[in-house]
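Being a predicted model, the structure only gives us computed values, none of them experimental.
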Amino acid sequence: MNMRAARYSGPGKPLSLETLPLRPLKAGEALVRVKAAGICYTDLHFLSGVLDLGIHPLTLGHEIAGEVADLSGASSEVTVGDRVLVYYYATCGRCHWCRTNRANLCPQVVAEYGFTADGGYAEYVVVPAANLVKIPDNLDFAEASTLGCGVTTAIHAARTIADLRIGETAVVYGVGGVGFGLIQFCKLAGARVIAVSRSPEKRAKASQLGADAVVNGTADVAEAIRAITNGEGADVVFELVGTEATMTHAVNALRRRGRLVFIGYSKDLFVASPLQLVIGELTVTASVGNTFDELLQAVDLAAAGKIKAVVDRRVSLDQLPATLEALRKGEIVGRAVVTFE
Ligand SMILES: [Zn+2]
Ligand SMILES: [Zn+2]
């Protein structure tokens, strides 16, 4: 059997739509008929080479929702026909990091779907059956796909890394798929949320999802945040952009004992004054990916209607390159999702 897939051939090269043979399943694997694959900004980092794992040709796409089409061996979790979401890390399960519920840091990752192994920009994907989570009835495939990275990465950053507390002020600096997840999760966690974006559409959506204040990204962001916080600054700034200008504003916007959490990045270097860090007892930290447990929490919150998926548009696989370009230009509010019939 064959399938259509959008293939990545390395930095600086366009994606190519190809027809590929499906490989046979190994023991414990599931064949998933992809119904929706969310388009994450990370894919643009692959195409530009800001992120280069050196593995290609490869099918990108790590926010994957679909239907179980086949199973190799028994699975206690799912059966053929189930609507499922893919946890995109397959890790060793034996190292210190896997054993302490930090599998996102496993140094012996077996496969990371859409990063080091073929992902969801294809009609089918093969993953371990143990990586599948059932989709709640109130979500369609496109909505469910956005939980896979957007919402789950937000939960990891806000709770596990930032240890966000009730009453704290959190800045979501850059409002894309993860940013909208962060705004909602930080509100649920009892924080006051300030969202920063250059786009009026994204600021409006941020307010609609509960942000207490919004700041135009073209303004003096640090000054605006100080004004909103009576000169105190923010307890936590989630940095989702990572350019020289935004990093400077982010540090300057911190309250004493504030935590800067990097999630986004560019090629720019982070330069900070140690004196400024010392005087404020500031913490600079970072957040990568998520754990299986956090995916289950994201699914539970979405099932309960407490976190909403923000789907900007649904496109075909053929429209993927043009949609990535729209994402690069900042035209996508939330997630664009590739959907399959
Ligand atoms: Zn992602
Ligand atoms: Zn491991």
Co-membership, hydrophobic cluster, residues Ile64 and Phe340, 4.5 Å side-chain: yes

Evaluate the side-chain proximity of Val214 to Val196: yes if any heavy-atom separation is below 4.5 Å, no if none is. no

From Thr116 atom OG1 to Leu58 atom CG, the distance as rounded to the nearest 0.5 Å: 7.5 Å

Using every non-hydrogen atom in the two residues, find where Val288 and Asn104 come nearest and quote the distance to one decimal. O-ND2, 2.8 Å

Let's go through Thr339 and Phe141 carefully: what are the C-alpha distance in whole Å and the side-chain angles of both, what is the deciding distance for side-chain contact (heavy atoms from CB on, under 4.5 Å) to 0.1 Å, and is it a yes or a no? CA-CA 8 Å; Thr339 56; Phe141 287 111; over 6 Å; no

Ile225 pairs by side-chain contact (heavy atoms from CB on, under 4.5 Å) with which of Val237, Asn252, Val171? Val171

Heavy atoms, side chains only, cut-off 4.5 Å: are Val221 and Tyr173 in contact? yes

Atom CG in Asp293, atom CZ in Arg102: separation rounded to 0.5 Å? 13.5 Å

Verify the cluster assignment for Val311 and Leu301: are they in a single hydrophobic cluster under the rule of side-chain heavy atoms below 4.5 Å apart? no

Sidechain N-carboxylate O distance under 4.0 Å for Asp140, Arg314: yes

Output yes when a side-chain donor or acceptor of Asp82 lies under 3.5 Å from a complementary backbone atom of Thr79, and no otherwise. yes

What I'd like to find out is whether the side chain of Val337 reaches to under 4.5 Å of the side chain of Thr146, using heavy atoms alone. yes

Between the CG atom in Leu105 and the OG1 atom in Thr91, the distance rounded to the nearest 0.5 Å is 10.5 Å

Quick check: do Phe115 and Leu60 have side-chain heavy atoms less than 4.5 Å from each other? no

Are Val151 and Tyr41 connected, step by step, through hydrophobic side chains (Ile, Leu, Val, Met, Phe, Trp, Tyr) whose heavy atoms are closer than 4.5 Å? yes

Salt bridge (Lys or Arg N to Asp or Glu O under 4.0 Å) partner of Glu168, the single match among Arg259, Lys187, Arg255: Arg259

Side-chain heavy atoms of Thr291 within contact of Tyr89, under 4.5 Å: no

Between Leu282 and Arg257, is any pair of side-chain heavy atoms under 4.5 Å apart? no

Within this structure, what is the SG-CG distance for the pair Cys149 and Asn290, rounded to the nearest 0.5 Å? 6.5 Å

Mind telling me whether Tyr88 and His62 have parallel, tilted or perpendicular rings, with 30° and 60° as the class edges? perpendicular

What one should report as the nearest heavy-atom pair of Gly305 and Asn138 is N-ND2, 4.5 Å

Carboxylate-amine/guanidinium proximity below 4.0 Å for Arg328 and Glu325: yes

Under 6.0 Å from the CZ atom of Arg23, do we count more than 12 heavy atoms belonging to anything else shown? yes

From CA spacing to verdict: ring-ring contact (aromatic ring centres under 6.0 Å, His included), Phe46, His56: CA-CA 10 Å; Phe46 273 108; His56 47 76; 9.7 Å; no

Rounded to the nearest 0.5 angstrom, the OG1-CG distance for Thr243 and Leu269 is 12.0 Å

Give a yes-or-no answer on whether the side chains of Thr246 and Glu239 include a donor-acceptor pair shorter than 3.5 Å. yes

Interatomic spacing from CE in Met247 to CZ in Phe270 - rounded to 0.5 Å: 7.5 Å

Salt bridge (Lys or Arg N to Asp or Glu O under 4.0 Å) evaluation trace for Glu63 with Arg335: CA-CA 10 Å; Glu63 279 195 332; Arg335 279 286 196 244; 2.8 Å; yes

Where is the tightest heavy-atom contact between Ile228 and Arg192, given as atom of each residue plus distance? O-NH2, 3.0 Å

Are Leu147 and Val299 close enough, and set up right, to give a side-chain contact (heavy atoms from CB on, under 4.5 Å), and what steps lead you there? CA-CA 7 Å; Leu147 303 177; Val299 169; 4.1 Å; yes

Checking Gln184 side chain against Gly210 main chain: does a donor-acceptor pair fall under 3.5 Å? no

Test of understanding: clusters of I, L, V, M, F, W, Y form through side-chain heavy atoms closer than 4.5 Å, transitively. Do Val80 and Val126 belong to the same one? no

Electrostatic pair Glu18:Arg4 at N-O distance under 4.0 angstrom: no

For Lys267 against Val50, the heavy-atom pair lying closest together: CG-CG2, 3.7 Å

Lys/Arg-Asp/Glu bridge criterion (N-O < 4.0 Å) met for Arg165, Asp235: no

Arg203 side chain vs Ser197 backbone, donor-acceptor pair below 3.5 Å: yes

Can a donor-acceptor pair be found, under 3.5 Å and without considering hydrogens, that links the side chain of Thr153 to the backbone of Gly150? no

Check Ser287 against His156 and note the closest heavy-atom contact, atom names and distance. OG-CD2, 3.2 Å

Between Leu15 and Leu317, is there shared hydrophobic-cluster membership here, with clusters defined by ILVMFWY side-chain heavy atoms closer than 4.5 Å? yes

What orientation do Tyr87 and Phe292 show, parallel under 30°, tilted 30 to 60°, or perpendicular over 60°? tilted

Side-chain donor-acceptor contact under 3.5 Å, Tyr121 with Asp43: yes

For Gln276, I'd like to know if atom CD has over 12 heavy atoms of other residues, nucleotides or ligands within 6.0 Å. yes

Can you tell if the side chain of Leu254 reaches within under 4.5 Å of the side chain of Leu260, non-hydrogen atoms only? yes

Does the pair Arg313 and Ile332 meet the rule for a side-chain contact (heavy atoms from CB on, under 4.5 Å), with working shown? CA-CA 8 Å; Arg313 63 191 76 174; Ile332 309 283; 3.5 Å; yes

For Asp137 and Arg83, which heavy atoms make the closest approach, and how far apart are they? CA-NH1, 4.2 Å

Evaluate the criterion side-chain hydrogen bond (donor to acceptor under 3.5 Å, both in side chains) for residue pair Thr160 and Glu294; output intermediate values, then yes/no. CA-CA 9 Å; Thr160 308; Glu294 286 157 351; 2.6 Å; yes

Counting only heavy atoms not in Leu53, do more than 12 sit closer than 6.0 Å to its CG atom? yes

Given a cutoff of under 4.5 Å between side-chain heavy atoms of I, L, V, M, F, W and Y, with clusters grown through shared members, what are the other residues clustered with Leu164? Ile161, Val172, Val175, Val178, Phe180, Leu182, Ile183, Val193, Leu209, Val236, Phe238, Leu240, Val261, Ile263, Val310, Val333

Count the heavy atoms belonging to other residues, nucleotides or ligands that lie under 6.0 Å from CD of Glu223, then report whether that count exceeds 12. no

Is there side-chain contact between Tyr8 and Leu47, with heavy atoms separated by less than 4.5 Å? yes

Stepwise, does the side-chain contact (heavy atoms from CB on, under 4.5 Å) test hold for Val84 with Val133? CA-CA 5 Å; Val84 290; Val133 179; over 6 Å; no

